[in-house]
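A quick write-up on the structure given underneath.
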Amino acid sequence: MSIPTIVTMPGDGIGQTVLPEAIKVLDKVGFKADYVHADIGWEFWKTEGNPLPQRTLDLLEKHRVALFGAITSKPKDAAASELDPSLRGKGYVYYSPIVGLRQHFNLQLCIRPCRSFTGNPLNFIRRGAGGSTDEPKVDVVIFRQNTEGLYSGVEWTGPSDEVRRALETHPKMGSFSEIPSEDLAVSCRIFSRPACRYICQKAFEYADKHGYKSVTVCEKPNVIRETSGMMAQEARLVAKEYPHIALWFTNIDAQMMWLTKNPEDYGVILSGNMFGDIISDGFAGLTGGLGFANSANVGEDCAIFEPTHGSAPKYFDYEVPIVNPMAMILSACMMLDHLDEVEKADRIRMAIAEVIAEGKVRTYDMMKLQGRPDVVEHGAASTYQMTEAILAKL
Ligand code: NAI
Ligand code: MG
């Protein structure tokens, strides 16, 4: 079998801390690959006016599989003020490079597994009647549509007259008729049938392959009738091919309220872009939080694996890094699954499970400490010590 080339994009802040830790683990488990570095993030925004340089797109175009750390993003005006003086006033506008990557390579699926590890002190604990407590085992996989919906980027502050006229063909626009355009902000929630069908098919395929008993469409079709309604329609069609898998519907608001009531009842959950973003953070919070939240951005011919967390700049310049490398390492496991190296991925996940169950090595977040440089003196494992513990199990 030929050796794959993996594009590595550590990006900013702790992305640069955790990505090399994942490679140590991949090496240890005997995964053979060539790694090629690609530039992405704040540094390149400041110096080139582009956080996602063309040379990075070219590398991804060629190799099609990548590990990504995290990037720093800032609002438009703050971003403009940090641009190199020689680039200012030349029309450069900051866009999030990860959103750019998802759209450029049509990485339609964002898959976010939220599984509790036995013995993780961060697992959700529920109080029962009479004061008893229990710790439900959560095993939920979120399928989030990654390229459309409210994140499609079709939006205006101060829409042009042409846009305004088009909007006014809708009777409901009448309630905004007195508002001057400069006081109107419009963000479009666009769903397409092919993308809805695709995510429904992939979610059911995944549920079938991995033995989940239900697929839940988490949207809001009672109010957002057109877009959520299209997703629900497509889910009903696809569900017919999987009579052994239950199709459930929840509304995003109610689902968030129920999050802690019966999280163990859910299997695969599928949502549009924004609700998928929300619900996946919600479930991640039950299973260890950002230090554990792993994800894959997958298209037909390109896939990028990344922890859900950001660049956590406040922890970046610590002499001994303290952040949890688990989210990045679990994302690398998803990459192994994608490359049909499931056995290696399972070995890593097993090693992680053992470290957590033993409870001797815990990063500061697992000890519920405030992140500070002295947490290691208070018994927290550093980033490196956590990786070492996993390597030792392997
Ligand atoms: P963040 O995820 O970087 O950090 C939030 C907090 O979560 C941290 O202060 C820390 O307490 C905790 N945390 C994050 N990762 C951790 C880890 N591996 N181990 C232990 N604790 C961890 O989000 P924040 O502070 O809102 O954003 C910082 C920057 O990251 C911003 O510029 C933001 O735009 C960017 N960002 C980038 C993302 C990406 O690259 N995909 C995603 C989210 C934010
Ligand atoms: Mg998010």
Side-chain angles (χ1 to χ4, degrees), residues 8-22 25 38-46 51-52 56 66-79 81-82 94-103 107 110-112 117 120-122 144 146 151 273-274 276-278 280-281 284-285 287-297 304-318 320-332 334 352 356 361-373 375-376 380-387 390:
T8 55
M9 300 182 283
D12 301 310
I14 65 163
Q16 297 178 15
T17 311
V18 293
L19 198 145
E21 300 305 290
V25 176
D39 296 333
I40 193 166
W42 201 245
E43 185 64 31
F44 306 97
W45 161 251
K46 287 198 297 189
L52 179 56
T56 295
L67 287 172
F68 171 63
I71 43 94
T72 296
S73 270
K74 296 186 188 178
K76 223 163 62 176
D77 295 344
S81 71
E82 288 194 33
Y94 181 81
Y95 291 105
S96 158
I98 184 64
V99 175
L101 282 173
R102 288 168 183 158
Q103 287 173 349
L107 306 174
C110 181
I111 307 173
R112 294 184 166 179
F117 283 99
N120 187 349
L122 299 175
R144 162 191 174 193
N146 217 13
Y151 297 7
N273 210 338
M274 169 140 226
D277 203 2
I278 294 171
S280 58
D281 276 14
T287 55
L290 286 175
F292 290 84
N294 53 112
S295 77
N297 302 281
I304 301 177
F305 302 85
E306 56 155 338
T308 303
H309 63 71
S311 59
K314 64 184 179 197
Y315 299 140
F316 177 52
D317 54 1
Y318 282 21
V320 177
I322 62 163
V323 292
N324 193 342
M326 222 77 98
M328 183 78 235
I329 296 171
L330 288 166
S331 304
M334 295 187 81
I352 288 176
I356 295 172
V361 182
R362 287 175 172 165
T363 42
Y364 84 93
D365 53 322
M366 297 173 73
M367 295 178 69
K368 306 187 187 189
L369 294 172
Q370 277 268 8
R372 291 201 335 220
V375 291
V376 178
S382 70
T383 307
Y384 303 143
Q385 287 168 330
M386 178 52 90
T387 309
I390 297 166

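Counting convention: from 1, in listed order, for ligands and their atoms alike. Positions are given from 1, in the same order as the sequence printed here.
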* Inspect the surroundings of OH in Tyr384 and state if more than 12 heavy atoms from other residues, nucleotides or ligands are less than 6.0 Å away. => no
* Please check if atom OH in Tyr315 has more than 12 non-hydrogen atoms from other residues, nucleotides or ligands closer than 6.0 Å. => yes
Side chain, backbone, both or neither: which part of [X] comes within less than 4.0 Å of ligand 1 when only heavy atoms are counted?
X      : result
Ile14  : side chain
Met328 : neither
Glu306 : side chain
Pro313 : side chain

Counting both backbone and side chain atoms, is some N or O of [X] under 3.5 Å from an N or O of ligand 1?
X      : answer
Ile71  : yes
Gly291 : no
Ser73  : yes
Asp365 : no
Val18  : no

* To do: Check side chain to side chain donor-acceptor pair (under 3.5 Å) between Thr287 and all other residues, then give those that pass, not counting sequence neighbours.
  => none
* To do: Output all residues satisfying side chain to side chain donor-acceptor pair (under 3.5 Å) with Ser311, sequence neighbours left out; order by chain, then residue number.
  => Thr72
For [X], counting its heavy atoms only, list the atoms of ligand 1 lying under 4.0 Å from any of them.
X      : value
Asn324 : 17 (C), 18 (N), 19 (N), 20 (C)
Thr72  : 32 (O)
Lys314 : 9 (O)
Val323 : 17 (C), 18 (N), 19 (N)
Ala70  : 40 (O)

Test your reading of the model: is there a side-chain donor-acceptor pair from [X] to the backbone of [Y], 3.5 Å cut-off?
X      : Y      : value
Ser280 : Arg112 : no
Trp45  : Tyr94  : no
Ser331 : Phe305 : no
Asp12  : Gly41  : no
Thr56  : Leu52  : no

Check for me whether [X] has a heavy atom closer than 4.0 Å to any atom of ligand 1.
X      : value
Thr308 : yes
Ser311 : yes
Tyr364 : yes

* **Pairwise distance CG(Leu67) to CE(Met9) - rounded to 0.5 angstrom** => 8.5 Å
* **Passing candidate, side chain to side chain contact (heavy atoms under 4.5 Å, CB included) with Met367, options Asp365, Thr363, Leu369** => Leu369
* **Nearest neighbour of atom 6 (C) of ligand 1 from the list Asp12, Thr383, Leu290, Ile322, on a heavy-atom basis** => Leu290
